[in-house]
> 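Here it is: the structure, laid out below.
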Amino acid sequence: MPDRPDNPQAALIAAAAPFRAALLDWYRRHARVLPWRNAPSLYKTVVSEFMLQQTQVKTVLPYFARWIAALPDFAALAAAPEAQVLKLWEGLGYYSRARNLHKLARALAPLPEPPRRPEEWLSLPGIGPYTAAAITSINFGAHAAVVDGNVVRILARLSADGTPYRDSSTAAKTFAPLASALLNTAAPGDHNQAMMELGATLCLRRKPLCLTCPVRTLCACHSRGLEPENYPRLAPRQIEKLTVARAWCVKNGKLLLHRTPAKSRRLAHLYELPSAEQLGTRAGDFFGTTAKPLLTKKRGITRYQITENIFAAEAPEPLPADLEWIALDELEAITLSGPHRRWVRELLRATP
DNA sequence: AAAACGGGGCA
DNA sequence: TGCCCAGTTTT
C-alpha cells in the first residue's frame, strides 16, 4: 500500500513517544483498583486473564475472589479435582476456559519455572496470542503488545481506519503491527493494561468519552471531526434461530439430568436438563402434543438465538446413556451451566 | 427483545 | 480460514 501524505497511521507512529507518555500517565492516575492488580502474581494474572477472556470485569470480580480463596496458587489448582474446578466456574460460562486453566496448572507443575516468552506460552492449553502477550508483558516485561477488542477499537479510531472487517479476529490481526509499533518497551505490562483500561472505561463502543481522553489530540477521528462510534467497521454477525425441547422429570425426590461426556465440545462434564433427543424422544413428540411447556426461555449465545421449551416428561425405560438421577438435596453440589441452574431453581419453586 | 461484549480451539 | 463455544449485561 502506497504511503499517503495524510496517512494517520504513519502520523500516529511518528507521535509514538508522546502517545506512550500520555497514556501511561493517565493509567497511573486512573487505573481501576482490581484484585489481580493488588499484590500481583503470575497466578493471579493467569486466573484473571482466563476469566476475562469472554467476560467483563464486573462479572468476573466475585468469581475471582471465590477462586483465589479456594485455590490460592498453581499447586492447589493442579491438585484440585476437576469437579471442584468446574463448580468454582459455575455461572461464568464457556467452561472450556476452566478446563484449560486446570490443564495449564498441571502443565506448569513439572517445570522448574514458568516460561517467560510469549511464544512458549502459546503452546500451553487455553493460551492464544492475546493471553500470551498479556501474561508475559505484565509478569516478565516481555515486549509483546496485546490486541483485544478494546485495542482494536482504540487503534481503529486513532487512525480513523474505515476498512470493513469481516470479524474481530481479522481486525485484531490487521492491527497487530500498529499495536507493536506503539508498545512502550520501557513498561510493556502497564502500557498493555493502559490500552485495555482506556478501551474499557473511556473509548467505549457506543458512547466514547472523548472529552476526558488523554490521547484525543493524537486521535485522527478527533482531529478530522469523524464520529468515533463508527470505528471500527465490523460486519454484522449472522444469527441462527434454534428451538430446543427439554424434559423436566422429577420422581422419588430425584431429578433426571443429562451429563455431557468429558470429551464433548460444549459443556464438557456438566449437567443439564435433558433435551428431547438425549431422552430418546423426538422433539416432535413434545411439540406435537397439546402439552404446554412448563417454562419457555429465550437466550442468545455465540451465533445462536435459542428458544428453550421445558416440558414435564416421563423417564424412559431403560435409561439412555449419560442420563442420571440426581437427588434434589444434592443438586447444589453438582455443576450446571448458569441458565440451567436458574431454570432448575425456578421450576423447583414452581412445582414443589 | 435485541444488541453489545469477546478470545481460543480446532478441522 | 471458518466455524464453534451453550453467557451476562446493557439498551
> With P as the reference atom in both, quote the distance from dG6(B) to dT11(C) in angstrom, rounded to an integer.
14 Å

> With a 4.5 Å heavy-atom cut-off, do Ile138(A) and Pro40(A) have their side chains touching?
no

> Could you tell me how far apart Gln305(A) (CD) and dA3(B) (C1') are, to the nearest whole angstrom?
10 Å

> Apply the salt bridge (charged side-chain N to carboxylate O under 4.0 Å, His left out) test between Glu308(A) and each candidate in Arg299(A), Lys298(A), Lys297(A); give the one that qualifies.
Arg299(A)

> To the nearest 0.5 Å, what is the distance between CG (Leu273(A)) and CG (Leu295(A))?
9.0 Å

> Separation of Tyr304(A) atom OH from dC5(C) atom C1', in whole Å?
9 Å

> Do Gln278(A) and Arg246(A) have side-chain N/O donor and acceptor atoms under 3.5 Å apart?
no

> Please tell me which of Asn100(A) and Gln53(A) maps to the more 5' nucleotide of DNA chain B, matching each residue to the nucleotide holding its nearest heavy atom.
Gln53(A)

> Between Phe311(A) and Trp248(A), does a ring pair (Phe, Tyr, Trp, His ring centres under 6.0 Å) hold up when you go through it step by step?
CA-CA 6 Å; Phe311(A) 296 87; Trp248(A) 178 254; over 10 Å; no

> May I ask you to test the Glu49(A)-Tyr130(A) pair for a side-chain heavy-atom distance under 4.5 Å?
yes

> Centre-to-centre under 6.0 Å for Trp89(A) and Trp67(A), is that the case here?
yes

> Looking at CG of Leu158(A) and CG of Leu182(A), how far apart are the two atoms once the value is rounded to the nearest 0.5 Å?
7.5 Å

> Please examine the side chains of His191(A) and Ser137(A), heavy atoms only from C-beta on, and report whether any two atoms are closer than 4.5 Å.
no

> NA contact type, Leu242(A), heavy-atom cut-off 4.0 Å: base, sugar-phosphate, or nothing?
base

> Measure CZ/Arg265(A) against P/dG9(B) and give the value in whole Å, please.
11 Å

> Residues of residues 152-176 of chain A with any non-hydrogen atom less than 4.0 angstrom from an atom of DNA chain B: list those, numerically ordered, please.
Arg153(A)

> Write down the distance between NE2 (His102(A)) and C1' (dG9(B)), rounded to a whole number of angstrom.
19 Å

> Taking any heavy-atom pair under 4.0 Å as a contact, classify Ile306(A): base, sugar-phosphate, or nothing.
base

> Starting from P on dG6(B), measure out to CE on Met195(A) and report it in whole angstrom.
14 Å

> Enumerate the residues from residues 131-149 of chain A whose closest heavy atom to DNA chain B is under 4.0 Å, giving them by residue number; use none for an empty result.
Thr131(A), Asp148(A), Gly149(A)

> What integer distance in Å separates Lys298(A):NZ from dA2(B):C1'?
11 Å

> What do the steps show when you test Arg153(A) against Asn150(A) for side-chain hydrogen bond (donor to acceptor under 3.5 Å, both in side chains), and what is the final call?
CA-CA 5 Å; Arg153(A) 194 164 59 250; Asn150(A) 289 310; 2.8 Å; yes

> Tell me whether the rings of His340(A) and Trp343(A) are parallel (<30°), tilted (30 to 60°) or perpendicular (>60°).
tilted

> Would you kindly give the CZ-to-P distance between Arg99(A) and dG8(B), to the nearest whole Å?
18 Å

> Can you check nucleotides 7-11 of chain C for protein contacts, nitrogen or oxygen pairs under 3.5 Å, and list what you find?
unit_1: dG7(C); atom_1: OP1; unit_2: Ser337(A); atom_2: OG; d: 3.4
unit_1: dG7(C); atom_1: OP2; unit_2: Ser337(A); atom_2: OG; d: 2.9
unit_1: dG7(C); atom_1: N7; unit_2: Gly300(A); atom_2: O; d: 3.2
unit_1: dT8(C); atom_1: OP1; unit_2: Gly91(A); atom_2: O; d: 3.3
unit_1: dT8(C); atom_1: OP1; unit_2: Arg342(A); atom_2: NH1; d: 3.3
unit_1: dT8(C); atom_1: OP2; unit_2: Arg342(A); atom_2: NH2; d: 3.0
unit_1: dT10(C); atom_1: OP1; unit_2: Lys58(A); atom_2: NZ; d: 2.8

> Round to a whole Å and report the spacing from NE2 of His269(A) to P of dC5(C).
18 Å

> So which nucleotide from dC4(C), dG9(B), dG6(B) ends up closest to the side chain of Asn150(A)?
dG6(B)

> Check whether any side-chain heavy atom of Cys210(A) sits under 4.5 Å from a side-chain heavy atom of Pro228(A), and report yes or no.
yes

